[in-house]
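Structure first, commentary second.
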Amino acid sequence: MTQKPLQTKAYDYIKDLILKDAFAYDTIYSETKISKEIGVSRTPMRDALHRLAQERYIDIIPSKGFCIHQMTKQDIIETFQIRSAIEGYCTVQIAKDHKEDRSQKLFRELDYIMEKQRKILETTQDISAFVEYDNQFHIEIVSSLNNRTFHELFGSYLFQIKRLAVLSLGHPGRMQETIEEHSAILNAMKCGNLAEIYSVTMKHMETPKGLNLSDFCYS
C-alpha cells in the first residue's frame with residue numbers, strides 16, 4: 001500500500017479535525033505541536049497549512065501558528081459569486097441536455113437526496129444532517145458536467161458553503177424554503193425549461209446570501 005506524501009498526510013489530518021469542529025475559533029494552535037502529533041517535519045506541515053489557508057480553512061499567524069478562519073463579509077459575497085457562476089452555468093447545461101441518460105441518472109440521484117431532506121424536515125429538523133444532503137445536492141449538479149476545474153474550485157469552497165448553510169438554515173422557515181428552491185431547480189432541469197432554470201438557480205443563491213449578510217451585519 002502506497003503511503004501518502006507527508007504534506008498530504010498533514011493536510012488531511014488537520015482538515016479532518018476542522019471538519020469535526022475539533023478546533024476553537026478563538027485559539028491559536030502550534031504547528032510544531034501538531035507536527036509532533038502526526039510525525040511530520042516543518043516543511044510538509046507548512047505546505048499543508050498554506051494550502052489550508054488558501055482554501056480559507058485557517059489563518060496563519062506568523063511566528064505563532066494558525067487559527068480557524070473567521071468568516072468575513074467579503075467571504076460571504078465571494079462564496080456566493082463563485083457558486084452562482086458555477087452552478088448557474090451547470091444547471092443551464094443540464095437543462096439543455098435533460099433528455100440525455102447522464103441527466104436522467106442525475107435527476108434520480110437528486111430526487112433521492114430531496115426525499116431525505118423532506119424526511120428530516122418532517123421529523124428531526126436536524127440542521128447538520130440536512131446540510132449534508134444540501135451539500136450533496138449541489139455537488140452532484142457540479143460534478144455532472146465532468147469539468148475538473150469546476151469540481152476543484154467548488155470543492156475548495158465547500159467548507160465555507162457548509163458553514164454559511166448552517167447559519168442560514170437557523171432562520172425560521174428556511175429549511176422548507178430550501179426544499180422548495182431545490183424542487184424548482186430540479187423541475188426546471190427535468191423539463192429543459194431554459195426560460196426558468198437560471199432565475200430559479202439564482203434565487204437559491206441570493207436568498208441565503210441575504211440571510212448570511214444580515215446575520216453578519218447584526219453579529
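Source: prediction; values computed, not measured.
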Under 3.5 Å, is there a donor-acceptor pair between the side chain of Thr91 and the main chain of Gly88?
-> yes

Determine, using the 4.5 Å side-chain heavy-atom cutoff (strictly less than), whether Ile197 and Ile179 are members of one ILVMFWY cluster.
-> yes

For Tyr89, check ring pair (Phe, Tyr, Trp, His ring centres under 6.0 Å) against everything at least two apart and list the hits.
-> Phe150

Fit a plane to each ring of Phe66 and Phe23, take the angle between them on a 0 to 90° scale, and name the class: parallel (under 30°), tilted (30 to 60°) or perpendicular (over 60°).
-> perpendicular

CG on Leu211 to CG on Leu164, rounded to 0.5 Å | 11.0 Å

Any sub-3.5 Å donor-acceptor pair from Gln104's side-chain atoms to His98's backbone N or O?
-> yes

Specify the closest pair of heavy atoms between Ala10 and Pro44, including all atoms of both residues, with the distance to one decimal.
-> CB-O, 4.4 Å

NZ-CG distance between Lys73 and Asp215, expressed to the nearest 0.5 angstrom = 13.5 Å

So Phe137 and His182, would you call those rings parallel, tilted or perpendicular, with 30° and 60° as cut-offs?
-> parallel

Is the backbone N or O of Ile34 less than 3.5 Å from a side-chain atom of Tyr29, with the two atoms forming a donor-acceptor pair by type?
-> no

Ser103 side chain to Asp97 backbone, donor-acceptor under 3.5 Å = yes

Closest approach of Cys90 and Ile141, non-hydrogen atoms and distance?
-> CB-CG2, 3.9 Å

When rounded to the nearest 0.5 Å, the distance separating CG of Leu110 from NE2 of His138 is 9.5 Å

Asp134 with Lys162: basic N within carboxylate O range, under 4.0 Å = no

Closest contact, heavy atoms only, Ala24 versus Ile68 | O-CG1, 3.9 Å

Might you work through the side-chain contact (heavy atoms from CB on, under 4.5 Å) test for Glu177 and His171, ending with a clear yes or no?
-> CA-CA 10 Å; Glu177 290 176 352; His171 287 256; over 6 Å; no

N-O pairing of Glu181 and Lys203 below 4.0 Å | no

Between Glu115 and Arg118, is the closest basic N to carboxylate O distance under 4.0 Å?
-> no

Considering all heavy atoms of both residues, which atom of Lys9 and which atom of Val40 are nearest to each other, and what is their separation?
-> CD-CG1, 4.3 Å

Have Ser143 and His151 got a donor and an acceptor in their side chains that come within less than 3.5 Å?
-> yes

Candidate list Leu19, Ile38, Leu52, test side chain to side chain contact (heavy atoms under 4.5 Å, CB included), partner Ile14, passing option | Leu52

Short side-chain to backbone donor-acceptor contact, Asp59 and Cys67, under 3.5 Å | no

Donor-acceptor pair between Gln136 and Glu132 side chains, under 3.5 angstrom = no

Main-chain N/O of Ser183 paired to Asn187 side chain as donor or acceptor, under 3.5 Å | yes

Pairwise side-chain contact, Tyr157 with Arg83, heavy-atom cut-off 4.5 Å (strictly under) = no

To the nearest 0.5 Å, tell me how far Glu122 CD sits from Thr124 OG1.
-> 10.5 Å

Going by distance alone, is a donor N or O of one side chain under 3.5 Å from an acceptor N or O of the other, for Tyr57 and Arg51?
-> no

Would Asp16 and Lys20 pass as an ion pair if we require N to O under 4.0 Å?
-> yes

Nearest heavy-atom pair of Arg56 and Phe159: which atoms, and what distance?
-> O-CD2, 4.3 Å

Between Phe130 and Leu169, what is the shortest heavy-atom contact and its length?
-> CD2-CD1, 3.7 Å

What distance separates Asp101 CG from Leu106 CG, expressed to the nearest 0.5 Å?
-> 12.5 Å

Rounding to 0.5 Å, atoms CD1 (Ile82) and CD (Glu87) come to a distance of 11.5 Å

Applying side chain to side chain contact (heavy atoms under 4.5 Å, CB included) between Asn212 and each of Asp75, Thr207, Ile76, report the one that passes.
-> Ile76

Does Gln70 reach the main-chain N or O of Tyr25 with its side chain, forming a donor-acceptor pair under 3.5 Å?
-> yes

If a pair satisfies side chain to side chain donor-acceptor pair (under 3.5 Å) and one of its residues is in residues 34-43, list it, with sequence neighbours excluded.
-> Tyr13-Glu37

Whether Glu206 side chain and Met202 backbone form a donor-acceptor pair below 3.5 Å | no

